[in-house]
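Notes for the one structure printed next.
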There are 2 protein chains.
Amino acid sequence: MTRALQILKDAGLRKTPCRLQMLDLLLQEGRAISHSEFELHLEAIDRVTIYRTLHTFERKGLLHKVIDGQNQSKFALCSHSCDEKEHRDEHIHFHCENCDKTRCLDELGIPEIVLPVGYSAHRANYMIEGICAECVGAGT
Amino acid sequence: MTRALQILKDAGLRKTPCRLQMLDLLLQEGRAISHSEFELHLEAIDRVTIYRTLHTFERKGLLHKVIDGQNQSKFALCSHSCDEKEHRDEHIHFHCENCDKTRCLDELGIPEIVLPVGYSAHRANYMIEGICAECVGAGT
DNA sequence: TTCTGAATTGCAAAACTATTGCATTTGCAA
DNA sequence: TTGCAAATGCAATAGTTTTGCAATTCAGAA
Ligand SMILES: [Mn+2]
Ligand SMILES: [Mn+2]
Ligand SMILES: [Zn+2]
Ligand SMILES: [Zn+2]
């Protein structure tokens with residue numbers, strides 16, 4: 001049984017071509033993917049179905065939305081034990097200014113901050129922009 | 001001479017009603033403002049002019065773009081010596097889940113991170129979501 | 001103060017991004 | 001194999017940001 005199929009089973013979701021292709025792309029690329037990038041790879045699939053699948057996957061704890069400062073949401077696989085009840089995706093994200101790819105740095109937690117009196121924190125987002133390992137030293 | 005006018009002079013920008021009203025709102029609110037919020041306050045001004053003014057101000061180092069938790073862009077006054085050559089806006093931002101207001105925490109720097117080998121950082125973004133000082137204990 | 005050219009604006013249109021309604025198709029468990 | 005809820009495709013709508021261009025306005029020079 002393929003990895004993508006296992007993920008769908010575990011989430012209690014039906015196996016469909018759109019879902020399998022989207023999971024395959026995410027697994028293969030190992031980074032956050034935008035709606036428009038899915039659209040390019042899934043030629044036979046309707047735009048709307050991709051939007052709906054992204055929402056379903058996010059709700060089920062398969063994906064988390066990554067804010068990378070461009071005006072487009074990207075989505076990355078949740079690595080741990082996220083599910084419908086609770087997401088735990090508090091790690092640093094890296095956006096490459098050269099190739100525009102966005103990656104989860106799962107191993108890097110977000111440093112805690114002491115806030116001014118009166119503020120209370122629920123969630124934090126730490127995003128770094130720069131040049132990724134693939135692009136360093138690679139001209140252009 | 002009003003504060004807003006002084007800012008325009010210092011930046012070498014012409015005085016126009018749109019620019020003055022936008023700076024006035026930013027100075028009065030002391031927080032990051034979204035395009036749609038400017039649009040509500042500046043009734044006589046065209047949407048497109050607001051977009052263009054935001055870009056101009058950003059380029060001149062008067063504003064910096066703030067990404068809040070919903071991937072929506074907001075804009076806040078630069079507090080220090082930003083200009084056309086260089087922005088220095090590396091501080092933490094706070095987005096309140098209750099009132100949706102976004103503020104710069106200018107006094108809080110962003111903790112540095114050691115990145116995996118090969119990555120190089122240019123800029124960092126640290127955003128906290130939670131409840132702000134104004135909203136804590138204020139029902140609703 | 002008046003004049004003049006460049007900067008700024010408004011309006012229309014286009015380009016992008018995301019959501020909704022509904023009829024049809026599909027996956028899966030009984 | 002069948003029944004039915006879940007998922008999809010398509011058309012339409014809604015929301016956001018950019019672009020082109022003609023008309024207006026600002027600020028410095030005369
Ligand atoms: Mn992530
Ligand atoms: Mn700020
Ligand atoms: Zn890169
Ligand atoms: Zn608040």
Side-chain angles (χ1 to χ4, degrees), chain A residues 1-2 4-25 32-60 62-75 84 100 102, chain B residues 1-2 4-25 32-63 65-75 84 100 102:
Chain A
M1 158 149 18
T2 150
L5 186 49
Q6 185 64 55
I7 292 174
L8 289 179
K9 284 244 168 120
D10 292 346
L13 289 172
R14 288 187 183 179
K15 176 184 77 164
T16 72
C18 176
R19 288 171 177 177
L20 288 174
Q21 287 179 64
M22 287 175 68
L23 289 174
D24 282 343
L25 183 61
I33 309 279
S34 67
H35 176 276
S36 59
E37 203 173 349
F38 280 115
E39 203 177 331
L40 287 176
H41 273 81
L42 282 66
E43 292 188 4
I45 308 288
D46 194 85
R47 264 197 316 287
V48 175
T49 301
I50 296 173
Y51 279 116
R52 288 196 270 229
T53 302
L54 289 172
H55 290 148
T56 300
F57 282 1
E58 195 184 11
R59 181 169 46 77
K60 286 288 187 176
L62 268 48
L63 300 183
H64 59 283
K65 189 185 287 191
V66 179
I67 309 289
D68 75 355
Q70 311 309 110
N71 46 14
Q72 236 182 357
S73 293
K74 295 180 180 174
F75 296 84
E84 196 150 10
D100 193 41
T102 300
Chain B
M1 160 146 19
T2 151
L5 186 49
Q6 186 64 55
I7 292 174
L8 289 179
K9 285 244 169 119
D10 292 347
L13 288 173
R14 287 188 183 178
K15 177 184 77 167
T16 72
C18 175
R19 289 171 177 177
L20 289 173
Q21 288 179 63
M22 287 175 67
L23 289 174
D24 283 343
L25 183 61
I33 309 279
S34 67
H35 177 275
S36 59
E37 202 173 349
F38 280 116
E39 205 178 330
L40 288 175
H41 273 80
L42 281 66
E43 292 189 4
I45 308 288
D46 193 86
R47 260 199 319 286
V48 175
T49 302
I50 296 173
Y51 278 114
R52 288 197 270 229
T53 302
L54 289 172
H55 291 147
T56 300
F57 282 1
E58 195 184 12
R59 180 169 46 79
K60 286 288 186 174
L62 268 47
L63 301 183
K65 187 186 288 192
V66 179
I67 307 297
D68 78 6
Q70 324 309 317
N71 217 355
Q72 190 187 166
S73 295
K74 295 181 181 174
F75 296 84
E84 196 151 7
D100 193 41
T102 301

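All values derive from a computational prediction rather than experimental measurement. Reminder, nothing fancy here: chain letters follow the sequence lines and each chain counts from 1.
- A:M22 places its CE atom 13 Å from the P atom of D:dA7, with the value rounded to the nearest Å.
- Using a 4.0 Å cut-off, some side-chain N or O of A:Y51 falls inside it from OP1 or OP2 of C:dA18.
- Looking at A:K15 and A:L5, their side chains come closer than 4.5 Å, going by heavy atoms from C-beta outward.
- The overall bend of the helix from C:dT1-D:dA30 to C:dA30-D:dT1, read as the angle between its terminal helix axes built from five base pairs each, is 30° when rounded to 10 degrees.
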Point to revise | Under 4.0 Å protein heavy-atom contacts per nucleotide of nucleotides 22-30 of chain C, with B for base, S for backbone only and - for none | key: ----BBS--
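- Two residues are said to be in side-chain contact when any heavy atoms from C-beta on lie closer than 4.5 Å; A:K65 and A:E58 meet this criterion.
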Check your understanding: Going through the distances and angles, do B:Y51 and B:H35 end up as a ring pair (Phe, Tyr, Trp, His ring centres under 6.0 Å)?
Key -> CA-CA 7 Å; B:Y51 278 114; B:H35 177 275; 3.7 Å; yes
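- Only A:V48, listed by number, bring a heavy atom of residues 32-48 of chain A to less than 4.0 angstrom from any atom of DNA chain C.
- Partner of A:M22 under the side-chain contact (heavy atoms from CB on, under 4.5 Å) criterion, out of A:L42, A:T16, A:T49: A:L42 alone.
- Counting heavy atoms from C-beta on, the side chains of B:D100 and B:K74 come closer than 4.5 Å.
- The two residues B:E39 and B:I50 have their closest heavy-atom pair at CA-CD1, 3.8 Å.
- Nucleotide C:dA18 holds its C1' atom 12 Å from the CD atom of A:Q72, rounded to whole Å.
- Atoms CZ (A:F75) and P (C:dT17) sit 13 Å apart, rounded to a whole Å.
- Residues B:F38 and B:I45 fail the side-chain proximity criterion, which asks for heavy atoms closer than 4.5 Å.
- Of the residues A:L54, A:I33, A:T53, the one that meets the side-chain contact (heavy atoms from CB on, under 4.5 Å) test with A:F75 is A:L54.
- In terms of heavy atoms, B:A4 sits closest to B:L20 at CB-CD2, 4.0 Å.
- Backbone-only contact: A:T53 has heavy atoms under 4.0 Å from sugar-phosphate atoms and none from a base.
- A:R52 places none of its side-chain heavy atoms less than 4.5 Å from the side chain of A:C18.
- Side-chain contact between A:E84 and A:R59 is present, with heavy atoms from C-beta onward closer than 4.5 Å.
- A close approach under 4.0 Å does not occur between any side-chain nitrogen or oxygen of B:H55 and OP1 or OP2 of D:dT17.
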